[in-house]
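First up is the structure itself, then whatever we jot down about it.
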Amino acid sequence: MLSDEEKSWVREWAPKIFGTAYLLCIMAMMGAHPRPGSLDSIRTALVAGLPWALGLGALGTVGALLWRRRA
């Protein structure tokens, strides 16, 4: 299980990692849209980027936690 120090680290850094992943996915989805920069591309990106961001954020958080334990 996680120690109290690791739990506080996850509480602090998980939202930052998830937020960064979400913003990157939104930008990627907007760029891949047939009309990048349009309101339709923004609406599509906000919804389509969420599952990708959740996956990338989870992998990033677990990876950073494992790397932190190893160091």
Side-chain angles (χ1 to χ4, degrees):
M1 294 307 300
L2 296 175
S3 68
D4 290 336
E5 181 183 340
E6 289 172 335
K7 286 179 187 177
S8 67
W9 183 88
V10 169
R11 267 187 242 112
E12 178 184 350
W13 281 95
K16 295 175 186 176
I17 294 171
F18 277 95
T20 303
Y22 187 54
L23 289 175
L24 289 172
C25 288
I26 287 174
M27 286 188 244
M29 296 290 175
M30 282 177 55
H33 195 268
R35 292 179 301 157
S38 67
L39 189 58
D40 190 39
S41 72
I42 294 171
R43 273 187 261 142
T44 303
L46 289 174
V47 176
L50 190 60
W52 288 99
L54 288 174
L56 289 173
L59 286 174
T61 303
V62 170
L65 185 61
L66 291 174
W67 177 78
R68 189 175 181 271
R69 276 188 173 185
R70 194 183 114 214

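Computed over heavy atoms, backbone and side chain alike; hydrogens, waters and symmetry mates excluded.
- Every pair passing salt bridge (charged side-chain N to carboxylate O under 4.0 Å, His left out) that includes a residue from residues 36-62 is listed here, sequence neighbours excluded: Arg35-Asp40.
- By the salt bridge (Lys or Arg N to Asp or Glu O under 4.0 Å) test, Lys16 is found to be paired with Glu12, residues two or more places apart in sequence or in another chain being considered.
- Taking each heavy atom of Cys25 and Gly49 in turn, the nearest pair found is CB-O, 3.7 Å.
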Extract all donor-acceptor atom pairs below 3.5 Å that involve side chains of residues 50-64 and protein atoms in other chains or at least two apart in sequence.
unit_1: Thr61; atom_1: OG1; unit_2: Gly57; atom_2: O; d: 2.8

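- In this structure, the separation between CD1 on Ile42 and NE2 on His33 is 10.0 Å, given to the nearest 0.5 Å.
- Residues Glu6 and Arg69 are paired through a salt bridge, judged by an N-O separation under 4.0 Å between the basic side chain and the carboxylate.
- Hydrophobic clustering of Ile, Leu, Val, Met, Phe, Trp and Tyr side chains at less than 4.5 Å, counting indirect connections, unites Phe18 with Ile26.
- Contact detail for Ala45 and Met30: the closest heavy-atom pair is CB-CG, 3.5 Å.
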